Amino acid sequence: MRDLSNVRRIVIKVGTNLLSSEQGIDEERVRSICRQIAELRNMGYQVILVSSGAVGLGAKELGHRNKVVYVTMRQACAAIGQPVLMYHYREAFREFGIIAAQVLLTRNDLNNRKTYNNLRSSVSMLLSMGVVPIFNENDVVSIAEIGTAFGDNDRMSAMVASKIDAQLLILLTDIDGLYTGNPKKDPDAVLLHEVDTVTDEIVGFAKGAGSTFSTGGMKTKLMAARIAAMADCATVIASGYHEEVLVSILKGEDEGTYIHPSIRLTQRQRWIINNSHSGSIVVDDGAAQALERHRSLLFSGVVGVSGVFESGDVVQVRRQNGELFGKAVTSFDSTQISLMMGRRSDEIDSVLGKGHKDCIFRPEDLVVVKDECSL
Ligand code: GLU
């Protein structure tokens, strides 16, 4: 049995496939999810729902038969489909005496401390009143092309779970969990009920499987589990087609794949990791070694800078060979760093004027992250 005794707050993400039917939305599925959420609420849990489906529903309203790829059309579809999605949730929740709320997010809303704090307070208020907040990405204003998007709702749900201190993230999908191979083709493929850490080998299972059936966006789910794990939040990837899936997960049963939480990062470290970066600073080997020994980054160790950023922004730190080293909050902007790179700290005053800090960032402003995928 899994030990979920510490779980109070749960984020549940529902994918488009799970909700889709020939007619548009699978009303029975929506009803089943809402009924189970009502049950979890009765068991004393706080529940936040992250639901996809706006683009798909909008496309169906417009009579599109194929996947919508054109960005502006996807945005238009999201604008049309989002109220339809909410209508169905509202109707289904009403049957169980639950009020639903809509929360549309962009990545910037989480990056910016003020909007993030506003979000935390309003979500806490909603939860304290017993309302179920239903999140979706604000697709109408936020797209990958301008760097404001989460990219997918798996990732968004993990970031939401991390930011609002959930202890459990449940990713409901159309397959049973993570298999070691493609269960349709490989008779030896087994379902992994428990994963300690999302290692590259584990990610390889998702990539190797190769069919829509067995992957079903499994890689993005594992990336999401990584983000959640860093916030001390466990993840379960399970099939939303199992009638009592949510309740059985919370009873600790072996439903789907359970991914353990890992290291506990502080709020600030999580904020740094989950923030989108505005540029990169390239450091030489000596500086990288110093950073590994928890020293500050000095200008003398910087060999390159790219992107345009302000002091106080989050930037990537890269080694000379291009490898990612980590993410940090810089105390200087990109122009100042290009002027000062390679120079000694005692030249700061003469090059940039007085009143600056003596290093680019201190150890507490850096989080070492070697894995590109988790960013
Ligand atoms: N926000 C998109 C929608 O509501 C879904 C994104 C995703 O599926 O990850 O259709």
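A quick note: this is a predicted structure, and the numbers were derived from the prediction, not measured. We count ligands from 1, going down the list as the structure has it; atoms in each ligand are counted the same way.
Considering Leu171, Ile170, Leu192, Asp176 in turn, Leu171 is the only one that fulfils the side chain to side chain contact (heavy atoms under 4.5 Å, CB included) rule with Ile237.
Residue-to-ligand polar distances keep Ser51 apart from ligand 1: every N/O pair is separated by 3.5 Å or more. Between Glu137 and ligand 1, no pair of N/O atoms sits closer than 3.5 Å. Below 3.5 Å of separation, one finds an N or O of Asp139 facing an N or O of ligand 1. In terms of polar-atom proximity, defined here as any N/O pair under 3.5 Å, Val55 does make such a contact with ligand 1.
Atoms of ligand 1 lying under 4.0 Å from at least one heavy atom of Asp152, given by number and element, are 9 (O).
With hydrogens left out, the protein atom closest to atom 9 (O) of ligand 1 is Asn153 N, 2.7 Å, a heavy atom. Scanning the protein heavy atoms around atom 4 (O) of ligand 1, the nearest turns out to be Asn136 ND2, 2.7 Å.
There is no side-chain donor-acceptor pair under 3.5 Å between Ser311 and Asp333.
Salt bridge annotation for Arg318-Glu323: absent, with no cationic side-chain nitrogen under 4.0 angstrom from a carboxylate oxygen. Between Glu22 and Lys60, no side-chain nitrogen of the basic residue sits less than 4.0 Å from a carboxylate oxygen of the acidic one, so the salt-bridge criterion is not met. Between Arg120 and Asp165 there is a salt bridge, since a side-chain N of the basic residue sits under 4.0 Å from a carboxylate O of the acidic one.
Note that Lys357 lies outside the cation-pi zone of Phe332, set by a 6.0 Å cut-off to the ring centre and a 45° limit from the axis.
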